[in-house]
Number of protein chains: 2
Amino acid sequence: MQIPEIDEVTIARLRKAGLRPTRRRRELAHLLFSSCKEAVTAEGLHSFAQRNGVKVSLATVYGTLHSFCDAGMVREVSIDSGRYFDINPDNHQYFYFEDERRLVGVTEAETGLKVMPPLPEGRRISRVDVVVRLRRD
Amino acid sequence: MQIPEIDEVTIARLRKAGLRPTRRRRELAHLLFSSCKEAVTAEGLHSFAQRNGVKVSLATVYGTLHSFCDAGMVREVSIDSGRYFDINPDNHQYFYFEDERRLVGVTEAETGLKVMPPLPEGRRISRVDVVVRLRRD
DNA sequence: GTGTTTGCAAAGTGTTTGCAATTTA
DNA sequence: TAAATTGCAAACACTTTGCAAACAC
């Protein structure tokens with residue numbers, strides 16, 4: 001966890017989100033944003049951290065992920081009772097590879113899908129999640 | 001739980017799904033299909049059963065709901081780490097009332113929404129879930 | 001210096017397992 | 001009667017809490 005210039009990017013990202021760039025946040029944000037193409041679970045990020053020499057307990061990973069989530073840096077998606085954190089909070093549509101339990105965000109442009117159903121009275125959309133669950137042919 | 005003619009409907013429904021119409025299944029299926037307009041949680045069905053004089057443990061409710069699910073009678077949907085069972089397995093689209101944690105199925109016709117994204121190779125759609133999350137105005 | 005964050009053990013929550021007793025066909 | 005199902009306590013997996021120590025500003 002000593003890659004100065006990348007760290008600057010990470011620090012800027014944290015500050016922009018209104019979070020103090022503490023050591024843990026820098027380490028985890030760096031791992032998350034520089035190496036994760038797809039959504040991770042807390043457990044997944046934890047073991048990824050271990051493998052990269054970042055010693056941190058699972059509880060701390062949870063706490064840190066939640067702070068990222070509250071700050072709008074990541075987006076939480078719940079599939080089959082598993083909780084994934086997507087590094088792109090603008091994703092609203094996903095491919096879920098059922099056999100591998102892998103969740104990959106896709107943009108609205110990629111699916112050509114616009115969701116705008118008629119709403120119940122007195123309510124507005126908080127968010128719309130589309131999960132396309134895939135299995136092998 | 002002694003409404004003979006409705007019970008016949010429930011028994012038929014269970015048989016059609018390939019399940020033995022045992023007492024528990026009849027009781028829970030009857031409660032579920034005759035009184036639930038929206039998706040329930042295991043906990044919700046359990047307390048609904050208690051209130052209706054059906055004494056059954058939560059673990060049994062879980063087991064029974066899973067047997068219904070495996071038989072295609074209900075559909076499981078996961079939101080914010082909560083697990084809901086929708087009595088209409090053909091629903092694929094939902095309104096989720098965030099403040100009340102209430103999940104209501106809507107048909108494709110009601111949203112006018114058809115999902116058909118381009119798929120990764122070697123994969124086919126298992127199912128597509130759309131969850132429109134609502135908050136108060 | 002002060003308010004924020006960390007760290008992790010322990011507690012909490014929701015779900016599943018195991019298996020003897022019961023029920024169904 | 002043989003196979004399926006029940007019932008629920010105990011086990012389990014995942015997540016959150018609590019709070020003293022460390023840190024950022």
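To find a chain, count down the sequence lines: A is the first, B the second, and so on, and within it residues start at 1.
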Under-4.0 Å side-chain N/O to phosphate OP1/OP2 contact, T22(A) with dT6(C): yes

Selection from dG7(C), dT24(C), dT5(C) that lies nearest to any side-chain heavy atom of R26(B): dT24(C)

d(CD, E27(A); P, dA22(D)) in whole Å: 17 Å

Integer-rounded Å distance: dA4(D) C1' and F68(B) CZ: 15 Å

Complement of dC19(D), any strand, by Watson-Crick or G-U distances under 3.5 angstrom: dG7(C)

First encountered from the 5' end of DNA chain D, between A59(A) and T60(B): T60(B)

CD1 on I11(A) to NE2 on H30(A), rounded to 0.5 Å: 11.5 Å

Rounded interatomic separation in angstrom, taking CD from E43(B) and P from dT16(C): 14 Å

Between dA13(D) (P) and D80(A) (CG): distance, integer Å: 18 Å

Rounded interatomic separation in angstrom, taking NE2 from H46(A) and C1' from dG7(C): 11 Å

5' priority, DNA chain C, between A42(B) and P21(B) [closest heavy atom]: A42(B)

Close side-chain approach of D80(B) and Y96(B), heavy atoms under 4.5 Å: yes

Heavy-atom side-chain contact between V54(A) and R24(A) under 4.5 Å: yes

Side-chain N,O (R83(A)) to OP1/OP2 (dT16(D)) below 4.0 Å: yes

Residue-phosphate contact under 4.0 Å: R15(A) side-chain N/O, dC25(D) OP1/OP2: yes

Separation of atom NE2 in H66(A) from atom P in dT6(C), rounded to whole Å: 14 Å

Nearest-angstrom distance from the residue atom CZ of F85(B) to P of dG14(C): 14 Å

Phosphate-side-chain proximity, R25(A) and dT5(C), N/O vs OP1/OP2 below 4.0 Å: yes

Most 5' of V56(B) and S81(B) on DNA chain D, judged by nearest nucleotide: V56(B)

Within 6.0 Å of CZ in R102(A), more than 12 heavy atoms from elsewhere: yes

Value in whole Å for how far the P atom of dT5(C) lies from CG of L19(A): 7 Å

First encountered from the 5' end of DNA chain C, between R20(B) and G82(B): G82(B)

For L103(A), the option from F97(A), Y84(A), F85(A) that meets side chain to side chain contact (heavy atoms under 4.5 Å, CB included): Y84(A)

Pair partner, dC25(D) [Watson-Crick or wobble, under 3.5 Å]: dG1(C)

